Amino acid sequence: MKYFKIYLLSFFLLLNYFKANSSENINDIKSLLEGRYELVYWKQDNLKFNYPQIAGTLVVKDNKISFTLDSNMKENETIKIIGWGNYNLSVNEYNYGYFDFKKMTDNGTDIKVNENLPWQGMRKYSVLLKNNKLLLTSSTGKQTWELDKKSLIYTDKEWGMDKKEVIRYWKRIN
């Protein structure tokens, strides 16, 4: 009976350690993920675009995500994108998806509005927290978020209709 009590006590102490460690990790993950970001530059086709050719905001907070993009990368074409969505976060997984997404294209002659979601449902990511850096990798491996206290680097190997590889560098503004 004495050994049983010792094993039982050890078991509960171990569970409490894992629970405390898990809640510390989720807080560390949230502190790196959640915030407001401003787009600094966009790389695509070996070209780097800066403001005013490209501008955008990203807000990740309280299980909500919002995204804006103003693109003047092509001559005689302006693209504006607005997306609203939700996310879920655990120490092992990050999922997000949009429930409302609008892409407006203005070529000076016509304005087209596309309200199709960029994907259906939630996009799933694995979570890796190491050395005060957070790495989120999609289940396909095509998208990554690399975050630290100052920035977010988003890489997408199949962005948009043309499935282009893009890199977006965001600075944290809050």
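On a predicted model such as this, the values are computed, not experimentally measured, just so you know. Just so you know, these numbers use all the heavy atoms, side chains as well, and skip hydrogens, waters and symmetry mates.
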List the steps, then state whether side chain to side chain contact (heavy atoms under 4.5 Å, CB included) holds for Leu136 with Leu147.
CA-CA 8 Å; Leu136 307 173; Leu147 301 105; 4.1 Å; yes
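- With hydrogens and angles ignored, the 3.5 Å screen pairs a side-chain donor or acceptor of Arg172 with a backbone N or O of Lys149.
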Phe101 vs Asn116, test: side chain to side chain contact (heavy atoms under 4.5 Å, CB included). Steps then yes/no.
CA-CA 7 Å; Phe101 200 85; Asn116 295 331; over 6 Å; no
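- At a threshold of 4.5 Å between non-hydrogen side-chain atoms, the residues Leu33 and Tyr94 count as touching.
- No side-chain donor from either of Thr137 and Thr144 sits under 3.5 Å from a side-chain acceptor of the other.
- The neighbour count for Asp148 CG, taken as heavy atoms of other residues, nucleotides or ligands under 6.0 Å away, is above 12.
- Taking 4.5 Å as the limit, every side-chain heavy atom of Val59 sits out of range of all side-chain heavy atoms of Ile65.
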What donor-acceptor contacts under 3.5 angstrom involve side-chain atoms of residues 46-56, with partners at least two apart or in another chain?
none

Chi angles and distances behind the side chain to side chain contact (heavy atoms under 4.5 Å, CB included) call for Thr105, Thr78:
CA-CA 6 Å; Thr105 306; Thr78 298; over 6 Å; no
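- In this structure, Ile173 CD1 and Thr57 OG1 are separated by 7.5 Å, a value rounded to the nearest 0.5 Å.
- Listed by chain and number, the hydrophobic cluster partners of Val113 are Met104, Ile111, where partners are ILVMFWY side chains within reach of under 4.5 Å, directly or through others.
- Taking hydrophobic clusters as Ile, Leu, Val, Met, Phe, Trp and Tyr residues chained together by side-chain heavy-atom distances below 4.5 Å, Val91 shares a cluster with Leu134.
- The backbone N or O of Tyr154 lies less than 3.5 Å from no partner atom in the side chain of Glu146, so there is not a single donor-acceptor pair.
- A distance of 14.0 Å separates OH in Tyr98 from CD in Gln120, rounded to the nearest 0.5 Å.
- For the atom pair Leu58 CG and Leu152 CG, the distance stands at 6.5 Å (nearest 0.5 Å).
- Counting heavy atoms from C-beta outward, Asn88 and Met122 have side chains that approach closer than 4.5 Å.
- Between the CG atom in Asn76 and the CG atom in Asp106 there is a gap of 10.0 Å [rounded to 0.5 Å].
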Steps toward side chain to side chain contact (heavy atoms under 4.5 Å, CB included) verdict (Ile29, Val127):
CA-CA 9 Å; Ile29 291 167; Val127 174; 3.6 Å; yes
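- At distances below 3.5 Å, not a single donor-acceptor pair connects side-chain atoms of Arg123 with backbone N or O atoms of Ser139.
- Taking 4.5 Å as the limit, some side-chain heavy atom of Trp42 sits within range of a side-chain heavy atom of Met73.
- To the nearest 0.5 angstrom, Lys163 atom NZ is 9.5 Å from Lys142 atom NZ.
- Remark: Lys30 does not engage Asp28 in a salt bridge, criterion side-chain N to carboxylate O under 4.0 Å.
- Connectivity analysis of hydrophobic side chains (ILVMFWY, heavy atoms under 4.5 Å, direct or indirect) links Tyr41 to Val40, Ile153, Ile167, Tyr169.
- Atom-to-atom distance recorded for Gln143:CD and Asp156:CG is 4.5 Å, nearest 0.5 angstrom.
- Looking at Lys157 and Glu165, no side-chain N of the basic residue comes within less than 4.0 Å of a carboxylate O on the acidic one, giving no salt bridge.
- Ring pair Tyr96/Trp145 is perpendicular by interplanar angle, where above 60° counts as perpendicular and below 30° as parallel.
- Two different hydrophobic clusters hold Leu135 and Leu32 under the rule that ILVMFWY side chains link at heavy-atom gaps under 4.5 Å.
- When side chains are defined from C-beta on, Ile82 does not count as touching Phe67, because their heavy atoms never get closer than 4.5 Å.
- Asn86 has its side chain out of reach of Asn95: every pair of non-hydrogen atoms, C-beta onward, lies at least 4.5 Å apart.
- In this structure, the side chains of Arg168 and Trp159 come closer than 4.5 Å at one or more pairs of heavy atoms.
- Contact annotation: the side chain of Lys43 never approaches that of Val166 to less than 4.5 Å [non-hydrogen atoms, C-beta and beyond].
- Within a 6.0 Å radius of NZ in Lys74, other residues, nucleotides and ligands contribute 12 heavy atoms or fewer.
- The closest donor-acceptor contact from the side chain of Ser138 to the backbone of Tyr125 lies at 3.5 Å or more, if one exists at all.
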Evaluate the salt bridge (charged side-chain N to carboxylate O under 4.0 Å, His left out) criterion for residues Asp45 and Lys164: first the C-alpha distance (whole Å), next the side-chain angles of each, then the deciding distance (0.1 Å), finally the verdict.
CA-CA 8 Å; Asp45 298 329; Lys164 300 267 187 178; 3.2 Å; yes
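- What you find for Lys80 and Asp70 is that their closest heavy atoms are NZ-OD1, 2.5 Å.
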